[in-house]
**Q** 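I have a structure I would like to understand better, so I am pasting it below and will then ask my questions one at a time.
Quick caveat, the model's predicted, so the values are computed rather than measured.
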Amino acid sequence: MASVGPPPTSTQPDVPSGIAVFIKIPYAFILPEIVFGTWVWILVAATSVSLPLLQGWVMYVSLTSCLISLLLLLGYLLGFHKNSENWKVLDSLYHGATAILYMSAAVLQANATIRSESGPNLPLYYQLNCAATFFAFITTLLYILHAFSIYYQ
């Protein structure tokens, strides 16, 4: 005798496409990641880069992360993923790796901010570096939240 129970559910992942990307939680972090990441590289570019090794890494991480996140967002908006489980893995790996890279960039930007405290044009560059550091840590937090929420979903 067959047991009576709920019908088997589909194991299809629920990866949104179109406008639903902006309201479903792990994917809704992509747009703020892009916006805050853009602020990081704009603010670093506006300063007098007195420490090119430190702030060069910050620029590299923020710019490439912004561009790759923009491509990922466009992929979700246009539905390139076709509701595949592989996209969730790709998304989780990308955001996890980027969170680690962004944390290193945020720490280096904080170091550059501390060092710019005693440099020439003190008020302007110090304030720009402080803002860049703030946005770098906020962007790092967004990437961490995205990576963990997609992983535990």
**Q** So, for Trp57 and Ser104, which heavy atoms are closest and what is the spacing to 0.1 Å?
**A** NE1-OG, 3.1 Å

**Q** What are the two closest non-hydrogen atoms of Leu77 and Ile19, and how far apart are they?
**A**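 Looks like CD2-N, 4.5 Å.
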
**Q** When you compare the side chain of Asn111 with that of Val107, does any pair of heavy atoms fall below 4.5 Å?
**A** no

**Q** Would you tell me whether Tyr126 and Thr47 have side-chain atoms, one donor and one acceptor, within less than 3.5 Å of each other?
**A** no

**Q** Of the non-hydrogen atoms in Ala147 and Ser92, which two are nearest, and what is the gap between them?
**A** O-OG, 4.0 Å

**Q** Measuring centre to centre across the rings, with the benzene-like ring taken for any Trp, is Trp87 within less than 6.0 Å of Phe80?
**A** no

**Q** For residues 30-46, pull every pair meeting side-chain hydrogen bond (donor to acceptor under 3.5 Å, both in side chains), keeping only residues two or more places apart or in separate chains.
**A** Glu33-His95, Glu33-His146

**Q** Can you tell me if CG on Leu53 sees more than 12 non-hydrogen neighbours from other groups inside 6.0 Å?
**A**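 Counting other residues, nucleotides and ligands, CG of Leu53 stays at 12 neighbours or fewer.
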
**Q** Report, one line per pair, each donor and acceptor closer than 3.5 Å where one atom sits in a side chain of residues 132-140; sequence neighbours left out.
**A**
from	atom 1	to	atom 2	distance (Å)
Thr133	OG1	Gln109	O	3.4
Thr133	OG1	Thr113	OG1	2.7
Thr133	OG1	Asn129	O	2.8
Thr139	OG1	Phe135	O	2.6
Thr140	OG1	Tyr102	O	3.3
Thr140	OG1	Ala136	O	2.8

**Q** Say whether, by atom type as modelled, one donor and one acceptor occur between the side chain of Tyr76 and the main chain of Ile30 under 3.5 angstrom.
**A** no

**Q** Please name the residue in the list Leu73, Leu72, Ile150 that meets the side-chain contact (heavy atoms from CB on, under 4.5 Å) test with Tyr27.
**A** Ile150

**Q** Heavy-atom count check: over 12 atoms from other residues, nucleotides or ligands less than 6.0 Å from Phe22 CZ?
**A** yes

**Q** Run through the side-chain heavy atoms of Ile, Leu, Val, Met, Phe, Trp and Tyr, join any pair under 4.5 Å, and report what else lands in Leu93's cluster.
**A**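 Other cluster members: Val89.
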
**Q** Honestly curious: do Ile100 and Val61 fall in one hydrophobic cluster under the side-chain, below-4.5 Å linking rule?
**A** no

**Q** Considering all heavy atoms of both residues, which atom of Val58 and which atom of Ala105 are nearest to each other, and what is their separation?
**A** CG2-O, 3.2 Å

**Q** Should Tyr60 and Leu101 be counted in the same cluster of Ile, Leu, Val, Met, Phe, Trp and Tyr side chains packed under 4.5 Å apart?
**A** yes

**Q** Does a side-chain heavy-atom distance below 4.5 Å link Ser65 with Tyr143?
**A** yes

**Q** CG of Asp91 to NE2 of His81: how many Å apart, nearest 0.5 Å?
**A** 10.0 Å

**Q** Can you name the closest pair of heavy atoms from Gly37 and Ser62 and give their distance?
**A** O-CB, 3.9 Å

**Q** Measure the SG-CD1 distance between Cys130 and Ile114 for me, rounded to the nearest 0.5 Å.
**A**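 So the SG of Cys130 and the CD1 of Ile114 are separated by 9.0 Å.
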
